[in-house]
Q: 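Dropping the structure in here first, questions after.
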Amino acid sequence: MEIIAGIYRGRKLISPRPGVRPIPVLLRKSMFDILGARILDCRFLDAFAGSGVVGLEALSRGAAWVDFVEADRDTGDVIRKNLRGLKAQAKARIHEVNYFQFLRDTSSAYDVVFMDPPYEFEPVAEAVEKTLAGVCVVAGTSLVVKAPADWSWPKSQSTLERVKAQGSNALYFFGR
């Protein structure tokens, strides 16, 4: 894994344990191309962070702050090591809690929220709905969900603005 653009471009990252699947490079590039200037000086939430490569890429591209939510302590340690390697610890925080617990406890608002839940994570639609209904999302927040290309997205409170499919994966861009 490596950072593909920005001030950390080309920097190699420590990979997490087997079973943690980083977002494919071309899909990550597409996501940041679509988000464009919204990343500059933004508050970014990397939910279900896994490898943390998306939040690290956001920092590289000019995000002011990134919160990583990753319940697995060992995976959180990998993100922590990568932050130290980039000397970016002062611009981020790792929350080693369940995502729903994070939503209950947070009072922060984010400009961009990225979610990449594990394939076996059943309540993806609930996580999207709770995110869109929560305090962490304000008018103008971009919510991006990586999910299977054939995902049936929640329709009750969310507005699907765009889908970027690539192979069996897709990025779903929601507005509030």
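When reading the values below, keep in mind they use all heavy atoms of this one structure, side chains included, and skip hydrogens, waters and symmetry mates. Residue numbers run from 1 in the order of the sequence given.
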Q: Between Glu70 (side chain) and Gly50 (backbone), is there a donor-acceptor pair under 3.5 Å?
A: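 Yes, the answer is positive, given that a donor and an acceptor are paired below the 3.5 Å cut-off.
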
Q: Okay, side chain of Arg43, backbone of Ala109: is any donor-acceptor separation there less than 3.5 Å?
A: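 Here the side-chain-to-backbone pair exists.
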
Q: What pair of heavy atoms forms the shortest contact from Met115 to Val128, and how long is it?
A: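 The pair with the smallest heavy-atom distance is CE-N, 4.0 Å.
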
Q: Quick check: does any side chain N or O of Ser30 sit under 3.5 Å from a backbone N or O of Leu26, one acting as donor and the other as acceptor?
A: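 Yes, because the side chain of Ser30 sits within donor-acceptor range (under 3.5 Å) of the backbone of Leu26.
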
Q: Are Val66 and Val53 connected in a single hydrophobic cluster, I mean Ile/Leu/Val/Met/Phe/Trp/Tyr linked by side-chain heavy atoms less than 4.5 Å apart?
A: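 Yes, it is one cluster - the side chains of Val53 and Val66 are joined through contacts under 4.5 Å.
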
Q: So, Glu57 side chain and Ala5 main chain: donor-acceptor pair closer than 3.5 Å or not?
A: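 Flag set: sc Glu57 to bb Ala5 pair under 3.5 Å.
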
Q: Can you sort out the partners of Asp41 under side chain to side chain contact (heavy atoms under 4.5 Å, CB included), two or more places apart, ordered by chain and number?
A: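 Asp41 satisfies side chain to side chain contact (heavy atoms under 4.5 Å, CB included) with no other residue.
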
Q: Answer yes or no: is there a donor N or O on one side and an acceptor on the other, between the side chain of Arg11 and the main chain of Gly85, under 3.5 Å?
A: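 Answer holds: yes.
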
Q: Under the 3.5 angstrom rule, does the side chain of Thr141 hit a backbone N or O of Val112 as a donor-acceptor pair?
A: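 No.
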
Q: Which of these, Phe102, Phe68, Phe48, Phe100, sits in a ring-ring contact (aromatic ring centres under 6.0 Å, His included) with His95?
A: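 Of the listed options, the one satisfying the test is Phe102.
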
Q: With rounding to the nearest 0.5 Å, note down the distance linking CG in Leu27 to NZ in Lys146.
A: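 With rounding to 0.5 Å, CG (Leu27) is 7.0 Å from NZ (Lys146).
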
Q: For a side-chain contact (heavy atoms from CB on, under 4.5 Å) check, start with the C-alpha distance between Phe114 and Ile23, then their side-chain angles and the critical distance, and finish with the verdict.
A: CA-CA 11 Å; Phe114 174 73; Ile23 184 173; 4.0 Å; yes

Q: What is the distance from atom CG of Leu132 to atom CZ of Phe174, rounded to the nearest 0.5 Å?
A: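 One finds 7.0 Å between CG of Leu132 and CZ of Phe174.
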
Q: Is Met31 linked to Leu59 within one hydrophobic cluster, defined over Ile, Leu, Val, Met, Phe, Trp and Tyr using a side-chain heavy-atom separation of less than 4.5 Å?
A: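 In one cluster: yes.
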
Q: State the CG-CG distance between Asn169 and Asp116, to the nearest 0.5 angstrom.
A: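 The CG atom of Asp116 is 8.0 Å from CG of Asn169, to the nearest 0.5 Å.
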
Q: With a 4.5 Å limit on heavy-atom distance, are the side chains of Val54 and Phe32 in contact?
A: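 They are in contact (side-chain heavy atoms under 4.5 Å apart), so the answer is yes.
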
Q: Any donor-acceptor pair under 3.5 Å linking the side chain of Asp46 with the backbone of Gly55?
A: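 Judged by distance alone, yes, a pair lies under 3.5 Å.
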
Q: Any chance you could measure Ile14, atom CD1, to Ser51, atom OG, to the nearest 0.5 Å?
A: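 The CD1 atom of Ile14 sits 12.0 Å away from the OG atom of Ser51.
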
Q: Which heavy-atom pair separates Cys42 from Asp111 by the least distance, and what is that distance?
A: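 Shortest heavy-atom separation between Cys42 and Asp111 comes out as CA-OD2, 3.2 Å.
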
Q: For residues Tyr8 and Leu56, determine if any side-chain heavy atom of one lies less than 4.5 Å from a side-chain heavy atom of the other.
A: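 Contact flag for Tyr8/Leu56 side chains = no.
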
Q: With a 3.5 Å distance limit and no angle check, can you tell me whether Tyr172 reaches the backbone of Ala149 through a side-chain donor-acceptor pair?
A: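 Judged by distance alone, yes, a pair lies under 3.5 Å.
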
Q: Identify the heavy atoms of Ala170 and Val163 that sit nearest to each other, and give their distance.
A: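 What the structure gives for the nearest pair is CB-CG1, 4.1 Å.
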
Q: Rounded to the nearest 0.5 Å, what's the gap from NZ on Lys130 to CG on Leu103? Could you check?
A: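 So the gap between those two atoms works out to 8.0 Å.
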
Q: I'd like to check Leu86 versus Leu13 (side-chain heavy atoms, cut-off strictly below 4.5 Å). Are they in contact?
A: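 Side-chain contact under 4.5 Å: yes.
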
Q: Check the pair Ser142, Leu35 against side-chain contact (heavy atoms from CB on, under 4.5 Å), reporting the backbone distance first and the verdict last.
A: CA-CA 8 Å; Ser142 296; Leu35 291 172; 4.0 Å; yes

Q: Would you give the length of the straight line joining atom CG of Asp33 to atom NZ of Lys164, rounded to the nearest 0.5 angstrom?
A: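 Interatomic distance, Asp33 CG to Lys164 NZ, rounded to 0.5 Å: 9.0 Å.
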
Q: Find out whether Ile94 and Leu83 are in side-chain contact, i.e. whether some heavy atom of one side chain is under 4.5 Å from a heavy atom of the other.
A: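 They are in side-chain contact.
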
Q: Between Phe44 and Ala63, which heavy-atom pair has the shortest distance, and what is it?
A: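 So the two residues come closest at CB-CB, 4.5 Å.
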
Q: Between Thr131 and Tyr99, is the side-chain contact (heavy atoms from CB on, under 4.5 Å) condition met? List the steps.
A: CA-CA 10 Å; Thr131 300; Tyr99 183 64; 2.6 Å; yes

Q: Apply the test side-chain contact (heavy atoms from CB on, under 4.5 Å) to residues Arg80 and Glu96: give CA-CA distance (whole Å), side-chain angles for both, the deciding distance (0.1 Å), then the verdict.
A: CA-CA 11 Å; Arg80 200 172 282 104; Glu96 291 174 339; 3.2 Å; yes

